[in-house]
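Chain letters run A, B, ... following the sequence lines, proteins first and then strands; every chain starts at 1.
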There are 2 protein chains.
Amino acid sequence: MQAPNPKREETSARIIAAAGAVFAERGFRGTTIRQITTRAGVNLAAVNYHFRDKAELYVRVLREAKRCATDIIIDDIPGDAEARLRGFIDRFVRYLLDPERPAWHGRVIALEMSNPTPALGVIILELTSPLYRDVRALIGKVVEDSASPRELDLFALSIFGQCVFYVNSRPLVEQMATDLNKTPDRIGRISTHIGDFSIAALHDFRRQANQPRPRAAGVRTKRLALR
Amino acid sequence: MQAPNPKREETSARIIAAAGAVFAERGFRGTTIRQITTRAGVNLAAVNYHFRDKAELYVRVLREAKRCATDIIIDDIPGDAEARLRGFIDRFVRYLLDPERPAWHGRVIALEMSNPTPALGVIILELTSPLYRDVRALIGKVVEDSASPRELDLFALSIFGQCVFYVNSRPLVEQMATDLNKTPDRIGRISTHIGDFSIAALHDFRRQANQPRPRAAGVRTKRLALR
DNA sequence: GGGAAATTAAAACACCTGTTTGAATCGGTC
DNA sequence: GACCGATTCAAACAGGTGTTTTAATTTCCC
């Protein structure tokens, strides 16, 4: 009624919703247009009519996932650097795992990163780059600028890695940590843990950086003679 | 010459090598038999002749990756629990990232875990289950049995997550941590970092568990009012 | 209600997929 | 050299893929 094409919006939305779910489950290559249209309850040709082709539909799905990720921005989180880092982790984990939102929002992005298509560069990196940069800067504040750029990267990757693992290797998580999945506030529990775990490691790094003589010389640099 | 079927062994091996590389790059569903046979320089029908079908070849590839992962076992690593945990992390990271081995060994398993096929249960979990169990027990020793089963799971997942991230989200790692990839001993640097990061977090947990009154009450359990 | 545009529907298209076929070639043995 | 099983090869197969086509239907405006 409001737009010149009322039905168009509806079926487009239904296709995107169905496509998001299937893409998140089977990846771009593993998904067929017939799976999408069947799930959406629309005709097979609808995808090529409303979107140009399968690739463009995929881009639209990624864009939608990206759009819903903008509220992860950490500018509005109050408190000191540590609290803001905890806040980011909480939001990020919820974005990835919260069943309230369409389950595919986080997973379709994680899948695209582990199995990239040409869409990776134009969409995903646009989303992750500022996020990564902000988190990296935040970590720098937590350790009071005592880390080198390379160390900042390692810290950031450790934090991202912990978060993404739950959605990227879900079968393993569900198989191994069986009683964790039964926890009532599972997501909150995970988020709090990753925050505790990471903050503790960063504090330890800052402490060792501030006292030039490490408490146990050689421990941090000990390399193992293996293999 | 040695076996009753000299050529058979050779082309089988070439197919497995080529298939491993392609499967690791594009996943099971995204890989075509023609890609494999072209890369291996063998006839198209060779796959169905030497292996029954594509699925069985995939299982053989996973089995090969699993076979080469057996030397990650941590029984033979000397030292205390902390040193053994560091040793495991080092071996695991090298298994995933070391370009010396066929690059697909770790990645084909990581891909299978993020995008499972029916082969997941019968191969991958056979490999990861004992690994996970051992690491979990090792963590228990590091924190001197002060962690609940659920907390042990969270710790183990944090460590695995950090390691797997580098191979699972490789595009992001390469794009973001640019100068890390230029580091000469990149893999050793990563392994050492994950060890430091995790051990520090575990030590902090043990310290707080041993002194019943936490140094800053409320910090560990503080939940953020976001969204 | 008539008519033009937008949308849906069914069918077909060309192409690629995994797999099979049957003949050609190779390897060693008598 | 002739034989025979094992292996390779080119060709073809049935089925599924993304996409296009063409007609039917709906929607909205006059």
Within residues 41-48 of chain A, the residues having a heavy atom closer than 4.0 Å to DNA chain C are Asn43(A), Ala45(A)

Practice problem: Answer yes or no: is there an ion pair linking Arg189(A) with Asp153(B), defined by an N-O contact shorter than 4.0 Å? | Solution: no

Phe51(B) atom CZ is separated from dT8(D) atom P, nearest whole Å, by 11 Å

**Message:** Would you say Thr32(B) places a side-chain N or O within less than 4.0 Å of OP1 or OP2 belonging to dC16(C)?
**Reply:** no

When rounded to whole Å, the CD1 to P distance for the pair Ile15(B) and dC9(D) reads 11 Å

Arg34(A) atom CZ is separated from dA12(C) atom P, nearest whole Å, by 14 Å

Practice prompt. With heavy atoms under 4.0 Å as the rule, sort Thr31(A) into base, sugar-phosphate or nothing.
Written response: sugar-phosphate

- prompt: Is the shortest side-chain N/O distance from Thr11(A) to OP1 or OP2 of dT7(C) below 4.0 Å?
  reply: no

Practice item. Would you mind checking if Arg86(B) and Asp90(B) are paired as a salt bridge, meaning a charged N to carboxylate O distance below 4.0 Å? Key: no

Rounded to whole Å, CD1 of Ile33(B) lies from P of dG16(D) at a distance of 16 Å

When rounded to whole Å, the CZ to C1' distance for the pair Arg29(A) and dG18(D) reads 15 Å

Without swapping roles, check the side chain of Asp185(B) against the backbone of Gly188(B) for a donor-acceptor pair under 3.5 Å. yes

Lys54(B) NZ to dT19(C) P, in whole Å, measures 8 Å

Could you pull out all donor-acceptor pairs under 3.5 Å where a side-chain atom in residues 16-42 of chain B meets a protein atom, sequence neighbours excluded?
unit_1	atom_1	unit_2	atom_2	d
Arg29(B)	NH2	Pro116(B)	O	3.4
Thr31(B)	OG1	Val22(B)	O	3.4
Thr31(B)	OG1	Gly27(B)	O	2.6
Thr32(B)	OG1	Arg34(B)	N	3.3
Thr32(B)	OG1	Gln35(B)	N	3.0
Gln35(B)	OE1	Thr32(B)	N	3.3
Thr37(B)	OG1	Ile33(B)	O	3.1
Thr37(B)	OG1	Arg34(B)	O	3.2
Thr38(B)	OG1	Arg34(B)	O	2.7

Of the candidates dT8(D), dA12(C), dT7(C), the side chain of His50(A) sits closest to dT7(C)

Ile36(A) CD1 to dT19(D) C1', in whole Å, measures 14 Å

*asked:* Between Phe165(B) and Phe160(B), is the ring centroid distance below 6.0 Å?
replied: no

Looking only at dT19(C), dT7(D), dT19(D), the nucleotide nearest the Tyr49(B) side chain is dT7(D)

Please write out the pairs of protein N or O atoms and N or O atoms of nucleotides 23-25 of chain D separated by less than 3.5 Å, giving the distance to one decimal.
none

Which pairs of donor and acceptor atoms, one on a side chain in residues 166-181 of chain A, lie under 3.5 Å apart (sequence neighbours left out)?
unit_1	atom_1	unit_2	atom_2	d
Asn181(A)	OD1	Arg186(A)	NE	3.1
Asn181(A)	ND2	Ala177(A)	O	2.9

From CG of Asp53(B) across to P of dT19(C) the rounded distance in Å is 5 Å

Applying ring-ring contact (aromatic ring centres under 6.0 Å, His included) to Phe155(A) and not counting sequence neighbours gives Phe205(A), His193(B), Phe197(B)

Using distance only, find each side-chain donor-acceptor pair of residues 56-67 of chain A under 3.5 Å and give its atom names and separation, not counting sequence neighbours.
unit_1	atom_1	unit_2	atom_2	d
Glu56(A)	OE1	Arg52(A)	NH2	3.2
Tyr58(A)	OH	Glu112(A)	OE1	2.5
Glu64(A)	OE1	Arg67(A)	NE	3.3
Glu64(A)	OE2	Arg67(A)	NH2	2.9
Lys66(A)	NZ	Glu126(A)	OE1	2.7

CD1 (Ile139(B)) and CG (Asp134(B)) are apart, to the nearest 0.5 Å, by 11.0 Å

